Undergrad: 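Please find one structure pasted underneath; my questions will follow.
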Amino acid sequence: MILAEGAEARHIDETAMAEWHLSSSVLVEAAGRECTQVLINVWPHIAPPGSGSPSLILAAGSGNNAADGMVLLKTLILKGFCNPSRCWVVLSKPEISTSVHAQELSPRTQALRFLQKLGIPCIVWHEISETERKSLFENADLIIDALTGTGLAGAVQGTVAELVAAINRSKKHNNSQRVVSIDVPSGLSDSWDLDDPVVEADLCLAIEPVKACLFKPAARTKAGFICPVTGIFPPALLEQCGHHRLIGLSDFTDNPAMMKAFTVSHDAYKHQRGVVHIYAGSPGTSGAALLCGRGAQAGGAGLVQIITEQVLAEHLMGQAGGMLLTCTSWIDEQRSFRKPPQPDAIIMGPGLLWNQELDDSLQKAVQDQVQNDIGLVFDAGAVEPAAAYTFPGPTVFTPHPVEFERFFEVLIKKNPELAQSAEKGLPRMIKTNPVPLLQIAAEKTKSVIILKGHVIHIVAPDGAHSVVDGMESILAMGGSGDVLAGLLGALIARMKRNRGSIDPIACSELAVNLLVEAGHRLRNQRRFSDPTCLADILGELSGELLLQPLGGAH
């Protein structure tokens, strides 16, 4: 699904009217009706329990976002979901049109006059008393937020800021109240910053193209459950705006050609399923090494070898299961060990405390990449040391926000001119607008960057950007990132075996979506657990999708 910035969305609107002959009124009517249908689909989760009609307030601004909200309210009433006697419209400013000819009216005015004809009270915010303003929203079951859209530049001010504050205050006083935002929560835009007021919605009816600002990490929690609203613009028009993508697991499962690159055939032996080497673990963090290995096994790797400190290797042997467990000294001396098989992917980082020996191993891994075109994955303790390199082959970094901050600081030391890219402060930018920083980092290191968190951004060296909505709190546990690194290494290794080449973007996107889906499945079991359970569910999910079914090919 396409993600668009505000200017791109406005360009689509303009092109739809100029080249596709879709008038503003037609687009507003289509958007409002499609929003209504999506809302009806989730109505049992939004409307209060009981058979009575909910009390509803529409908070409307002055643009087409307000018009969309008015059409939504109109359609809810016409379909019998709301009673006009229990509905109100609160306007941020008075209606100024005096024309009596419908064709001369703006879409907003047309929709407003229809609601007035139904007998719905339309209140102008500053025309009621301060006492009324304080309590206006509190008794509503449902608030439809249609104050601002993507045309907003900077923070909301004046009357709109007062309305935003009143809606948020009302939610705190009425726990059963639900707020539904049209397109984006009012106050949110491409320029939104941490201190800017924004409506805190329970549900966002995100009109396609879905707006990229919804997935600013610090803003994502303001949007609640995001429901994409489609069927308004021609697909050919949307495809013109393809810089950012919102992706899900169905983007892979609906693409047999892509899935074939990861599928395990009936006659595969262990090396054909991919060989993964993992440099991981230190005293006190041995679990990270095992979890990374479990993630690689869950992703279907045929052979997993953990390379760690000698004391850990000896300690963990009894827990390694089908994994090989060794240390560099044993490999170098070949003491009663065969030379380890050539890896298809190397993972470095889970649980590591960096030292000179690991620095030597990193340099060897880069040489191996040059000679054999293997894939490299850098996580946790390896993110910062590896940031100093420019990689000649398929490489993926998997930092969380603090690790990415350190990553970018390494880049600034190497390239002092990059300091101006972070002039607002790295922590703040990572929370509010990480994509430009990620694009710089990916281009400088020639790698794919996966920024982990409740929103997962994946950026390629050429600047291509995709987003996975990772709002799954069950994944917020120590070890889930280690499992992801192992899973990613397994997918990279098998793609290399199946195709002879590696697409690190596709591997990254599939790995992240598999992890999120596994998190959803774990949540459905309604239990907290050790991340080894997450690896078990990942193994089931990967097997369902990536094992060639009996009786025929994928």
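Each residue takes its place number in the sequence, starting with 1. Fair warning: this is a prediction, and the values are worked out from it, not measured in the lab.
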Undergrad: Would you say T395's side chain and L376's backbone share a donor-acceptor pair under 3.5 angstrom?
TA: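 Judged by distance alone, no pair lies under 3.5 Å.
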Undergrad: Would H520 and E517 count as having a side-chain donor-acceptor pair, cut-off 3.5 Å?
TA: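 No, no side-chain donor-acceptor contact under 3.5 Å.
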Undergrad: Is there a side-chain contact between W354 and M348, using heavy atoms and a 4.5 Å cut-off?
TA: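 A side-chain contact under 4.5 Å exists here.
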Undergrad: Which pairs pass ring-ring contact (aromatic ring centres under 6.0 Å, His included) with one or both residues in residues 199-230, sequence neighbours excluded?
TA: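 Residue pairs passing ring-ring contact (aromatic ring centres under 6.0 Å, His included), neighbours aside: none found.
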Undergrad: Within a strict 4.5 Å, meaning less than it, do heavy atoms of the L510 and L487 side chains meet?
TA: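 They are not in contact (no side-chain heavy atoms under 4.5 Å apart), so the answer is no.
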Undergrad: So, taking the atom named CE in M477 and the one named CG in D530, what distance separates them when rounded to the nearest 0.5 Å?
TA: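 The CE atom of M477 sits 7.5 Å away from the CG atom of D530.
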Undergrad: With a 4.5 Å heavy-atom cut-off, do I57 and I144 have their side chains touching?
TA: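 No, side chains not in contact.
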Undergrad: First locate atom CG of L514, then atom CG of L484, and finally report the distance between them rounded to the nearest 0.5 Å.
TA: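 Rounded to the nearest 0.5 Å, the CG-CG separation comes out at 9.5 Å.
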Undergrad: Does a donor on one side chain sit under 3.5 Å from an acceptor on the other, for N168 and S170?
TA: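 No pair is found: no donor N or O on one side chain lies under 3.5 Å from an acceptor on the other.
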Undergrad: A side-chain contact here means heavy atoms from C-beta on lying under 4.5 Å apart; do H457 and P434 qualify?
TA: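 Yes, side chains in contact.
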Undergrad: CG/D536 to CG/L541 distance, rounded to the nearest 0.5 angstrom?
TA: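 Nearest 0.5 Å value for the CG-CG distance: 12.5 Å.
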Undergrad: In plain terms, say whether R523 and E472 are close enough for a salt bridge, that is, a side-chain N and a carboxylate O under 4.0 Å apart.
TA: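 Result for this pair is yes, salt bridge flagged.
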Undergrad: What orientation do F391 and F378 show, parallel under 30°, tilted 30 to 60°, or perpendicular over 60°?
TA: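 F391 vs F378 ring planes: tilted.
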Undergrad: Check the orientation of H465 and H244. Use parallel for under 30°, tilted for 30 to 60°, and perpendicular for over 60°.
TA: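 The arrangement is perpendicular - the two ring planes meet at more than 60°.
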